[in-house]
2 protein chains.
Amino acid sequence: MVVNSSAELTDDEVDRIFRALADATRRDIVRRTLAGEASVSELAGAYSMSFAAVQKHVAVLEGAGLVTKRPRGRERVVRGNPDAIRRAQRLLDAYEQIWVARIGRLDALLDDTPPQQ
Amino acid sequence: MVVNSSAELTDDEVDRIFRALADATRRDIVRRTLAGEASVSELAGAYSMSFAAVQKHVAVLEGAGLVTKRPRGRERVVRGNPDAIRRAQRLLDAYEQIWVARIGRLDALLDDTPPQQ
DNA sequence: GTAACGTACAACCACATGGTTGTAAATAGC
DNA sequence: GCTATTTACAACCATGTGGTTGTACGTTAC
């Protein structure tokens with residue numbers, strides 16, 4: 001599990017987060033478990049693939065910190081982790097800020113350029 | 001190339017965007033080309049891998065709409081696409097909103113519950 | 001014109017990924 | 001206690017991914 005909630009993320013952690021989000025089934029699992037927790041077998045019932053396949057998808061999401069799993073009797077209850085979503089948002093924000101800064105530099109360049117002649 | 005800039009994204013398009021972001025070299029290419037455009041060979045010079053490997057990474061990013069390429073003489077100039085970043089941000093926002101709505105429902109439930117006895 | 005540069009693309013390889021089936025173990029229900 | 005349910009996990013398979021090298025082609029510079 002990922003412990004860092006405020007610190008920088010390693011490349012591997014970022015890889016896992018985006019990799020986990022790069023599959024429609026996994027995104028749907030995130031969506032469902034953010035809306036309300038669900039057992040692995042409840043999730044498996046929602047998709048036309050084997051239980052084991054869904055189990056693997058949940059494991060990938062858990063490895064990325066996008067969901068957490070806790071035991072309840074013989075079930076494992078899966079819950080979406082909004083913190084991981086926010087971490088990903090901050091990453092994308094950083095990229096947009098790089099672009100915004102570039103535009104800012106261009107604007108400053110234009111402003112600072114005195115009229116020619 | 002992706003034409004949809006305001007419309008809904010298909011699952012495949014979303015897959016490609018997150019897949020493209022799930023690699024540290026590709027994220028670095030996005031970072032560099034958002035800060036300022038660069039030719040493929042300039043990019044290739046920045047990494048300890050073959051030109052062809054970097055070329056493939058650029059192709060993956062282009063397929064996801066995260067960068068665009070335009071010819072300039074014998075070079076191909078790569079430029080980061082801030083719109084694609086914003087599309088990804090909107091996707092993550094939607095997931096966070098699902099969670100926010102769930103918490104809102106829980107709060108409303110608590111507020112609406114009359115004191116017992 | 002020729003040589004160097006920048007790119008494109010195919011072929012190949014090792015390994016990861018997304019799916020399957022099968023087996024085993026823990027828990028719940030009767 | 002027995003049976004059904006739920007999960008875990010291994011083994012396997014087809015395909016995708018990230019890297020390589022090699023070859024070909026357009027463009028630039030001299």
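Protein chains get the first letters and strands the later ones, always in sequence-line order, with residue 1 at the start of each.
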Taking the side chain as everything from C-beta on, heavy atoms only, tell me whether [X] gets closer than 4.5 Å to [Y].
X       : Y       : value
A:Met49 : A:Val54 : yes
A:Val40 : A:Lys69 : yes
B:Leu21 : A:Leu21 : no
A:Arg86 : B:Trp99 : yes
A:Arg87 : A:Glu13 : no

Next on the checklist: Whether B:Ser50 contacts D:dT20 is assessed here as follows: a side-chain N or O lying under 4.0 Å from the phosphate OP1 or OP2. Is that the case?
Outcome noted: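 So the side chain of B:Ser50 is within the cut-off, an N or O lying under 4.0 Å from OP1 or OP2 of D:dT20.
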Checklist entry - Under 4.0 Å between a side-chain N or O of B:Arg72 and OP1 or OP2 of D:dT27? => result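 Answer no for this pair, as no side-chain N or O of B:Arg72 is under 4.0 Å from OP1 or OP2.
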Checklist outcome for this item: Going 5' to 3' through nucleotides 2-15 of chain D and flagging B where a protein heavy-atom sits under 4.0 Å of the base, S where only the sugar-phosphate is that close, and - otherwise, we get --BBSBBB-B----
Checklist entry - Quick one: CG on B:Leu92 to CD on A:Gln89, what's the gap to the nearest 0.5 Å? => result 5.5 Å
Would you mind reading off the distance between [X] atom [atom1] and [N] atom [atom2], rounded to a whole angstrom?
X       : N      : atom1 : atom2 : answer
A:Asp12 : C:dA16 : CG    : P     : 12 Å
A:Phe18 : D:dG18 : CZ    : C1'   : 19 Å
A:Arg16 : C:dT17 : CZ    : C1'   : 16 Å
A:Leu61 : C:dT17 : CG    : C1'   : 14 Å
A:Met49 : C:dT21 : CE    : P     : 13 Å
A:Arg19 : D:dT17 : CZ    : P     : 8 Å
A:Ile29 : C:dG18 : CD1   : P     : 11 Å
B:Asp23 : C:dA16 : CG    : C1'   : 13 Å

Checklist entry - Quantified as the angle between the terminal helix axes (five pairs each), what is the overall bend of the helix from C:dG1-D:dC30 to C:dC30-D:dG1 to 10 degrees? => result 30°
Checklist entry - Between C:dG19, C:dG18, D:dG18, which nucleotide gets closest to the side-chain atoms of A:His57? => result C:dG19
Checklist entry - Cluster question for you: counting only ILVMFWY and a side-chain heavy-atom cut-off of under 4.5 Å, with indirect links fine, are A:Val77 and A:Val30 together? => result no
Checklist entry - Taking the nucleotide of DNA chain C with the closest heavy atom to each, which residue, A:Arg26 or A:Gly73, is nearer the 5' end? => result A:Arg26
Next on the checklist: Test: salt bridge (Lys or Arg N to Asp or Glu O under 4.0 Å). Region: residues 35-51 of chain B. Which pairs qualify, not counting sequence neighbours?
Outcome noted: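 Pairs touching residues 35-51 of chain B that pass the test: B:Glu37-B:Arg70, B:Glu37-B:Arg79.
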Next on the checklist: Going by side-chain hydrogen bond (donor to acceptor under 3.5 Å, both in side chains), B:His57 matches just one of B:Arg26, B:Arg27, B:Glu62. Which one?
Outcome noted: B:Arg26
